Amino acid sequence: MKMEEQNNFLRMTISDPELVQKIRESGIESLNPDDINSLGIEVKNGHMSLGDASQANFGGTNRIGLNSVVGGNSGPSPLNRGLVGFFAILLVILIGLSTIGIITRKIFLPSLTYKDMIFLSLFFVVGIGLCMSEFRTAFAAKKYLTERVQGKCISHQSASGTGKLNTKRSIFEYMYGDKVYRSCESVYANKGYAKLGEVREIMISPENPRCIYDPIAGKARKIGGFKVGMIFIVITAVVVICVYVNG
């Protein structure tokens, strides 16, 4: 089966020899619905496309090429619900801190300008946001991703960096509703991801089974986000204290 190379080509490895033989003999259109779903391929309005980019780079030796589809068909993630409200709360905190800082500046921090107080407030709020971001995601997962399944890590996707700075995410294979899915979380991290072959209990959305949340990886991200966020908060506190002490 020969396909023309393109810039937007997405490679998929199929390790099932029976599926490979079917495709070679009769083309990919010969696959039945169960075969198609096992590959993470969705059919909509007569068109066949990848559910999302996480279907790429699976283990095996037989390789075919499939054109990637912009946008995919996995639908909106329930984990994004409440995100607007989260940012709205941070904005309210920013406005409140900035207002208090500007009002009290002349008394406690006369050497700082209005812009300095706004910048310090913003720096502090960014720290709060980093500390609480993964907690918000975990709360949304508990509320909307109500199904739990056993997922096996079959591959990794790397984003950037090398060594300890290498960020990646685990691609899980799991069954839900008599169908096999392959999917991954939307975020990358350098800690907490599953090892190849590791089986974890993951949370999925009944309305969008490709939307998943890995509580173990989420716990690692909570710790990482809290550490980074505290750096912002501590730096802000140190600056304010130093300015106050030095007049």
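Values in this document were obtained by computation on a predicted structure and should not be read as measured data.
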Would a single hydrophobic cluster contain both [Y] and [X], if residues Ile, Leu, Val, Met, Phe, Trp and Tyr are joined by side-chain heavy-atom contacts under 4.5 Å?
X	Y	value
Phe124	Val234	yes
Ile231	Met132	yes
Ile93	Leu83	yes
Val126	Phe135	yes
Ile103	Leu122	no

I need the minimum non-hydrogen distance between [X] and [Y], along with the two atoms involved.
X	Y	value
Ser98	Ile118	OG-CA, 4.0 Å
Arg148	Pro215	NH1-CG, 4.4 Å
Ile171	Gln157	CD1-CG, 3.7 Å
Tyr181	Tyr176	CE1-O, 3.5 Å
Phe226	Cys131	O-SG, 3.6 Å
Thr137	Leu79	O-CD2, 3.9 Å

Which salt bridge (Lys or Arg N to Asp or Glu O under 4.0 Å) pairs, counting each pair once, include a residue from residues 90-108, with sequence neighbours left out?
->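 Qualifying pairs, neighbours excluded: none.
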Kindly write out the residues that satisfy salt bridge (charged side-chain N to carboxylate O under 4.0 Å, His left out) with Glu147, not counting sequence neighbours, or none if the list is empty.
->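 Salt bridge (charged side-chain N to carboxylate O under 4.0 Å, His left out) list for Glu147, sorted by chain: empty.
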The criterion is side chain to side chain donor-acceptor pair (under 3.5 Å); which residues satisfy it with [X], sequence neighbours excluded?
X	result
Arg136	none
Asn80	none
Glu198	Arg200
Tyr213	Glu134

Under the ring-ring contact (aromatic ring centres under 6.0 Å, His included) test, which residues partner Phe172, sequence neighbours left out?
->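 With sequence neighbours excluded, Phe172 shows a ring-ring contact (aromatic ring centres under 6.0 Å, His included) to no residue whatsoever.
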About how many Å separate [atom2] of [Y] and [atom1] of [X], when rounded to the nearest 0.5 Å?
X	Y	atom1	atom2	value
Ile235	Phe123	CD1	CZ	4.5 Å
Met230	Lys227	CE	NZ	12.5 Å
Thr113	Ile102	OG1	CD1	9.5 Å
Ser158	Asn190	OG	CG	11.5 Å
Ser170	Ile202	OG	CD1	10.0 Å
Thr236	Ile241	OG1	CD1	11.0 Å

Are the side chain of Glu185 and the backbone N or O of Asp214 linked by a donor-acceptor pair below 3.5 Å?
->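 Checking the backbone N and O of Asp214 against the side chain of Glu185, a donor-acceptor pair under 3.5 Å is found.
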Steps toward side-chain contact (heavy atoms from CB on, under 4.5 Å) verdict (Val180, Glu173) | CA-CA 7 Å; Val180 178; Glu173 182 178 76; 3.8 Å; yes
What residues, two or more places apart in sequence or in another chain, satisfy side-chain contact (heavy atoms from CB on, under 4.5 Å) together with [X]?
X	answer
Leu90	Phe86, Phe87, Val125, Ile128
Ser186	none
Pro78	Arg81, Tyr144, Leu145, Ser205, Glu207, Cys211
Leu109	Leu112, Met117, Val240, Val243, Tyr244

Among side-chain atoms of Arg169 and Tyr193, is any donor-acceptor pair under 3.5 angstrom?
->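 No donor-acceptor contact under 3.5 Å links the two side chains.
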Which ILVMFWY residues are connected to Val84, directly or by a chain of links, through side-chain heavy atoms under 4.5 Å apart?
->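 Other cluster members: none.
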More than 12 non-hydrogen atoms from neighbouring residues, nucleotides or ligands closer than 6.0 Å to [atom1] on [X], yes or no?
X	atom1	value
Lys152	NZ	no
Phe139	CZ	no
Phe119	CZ	no

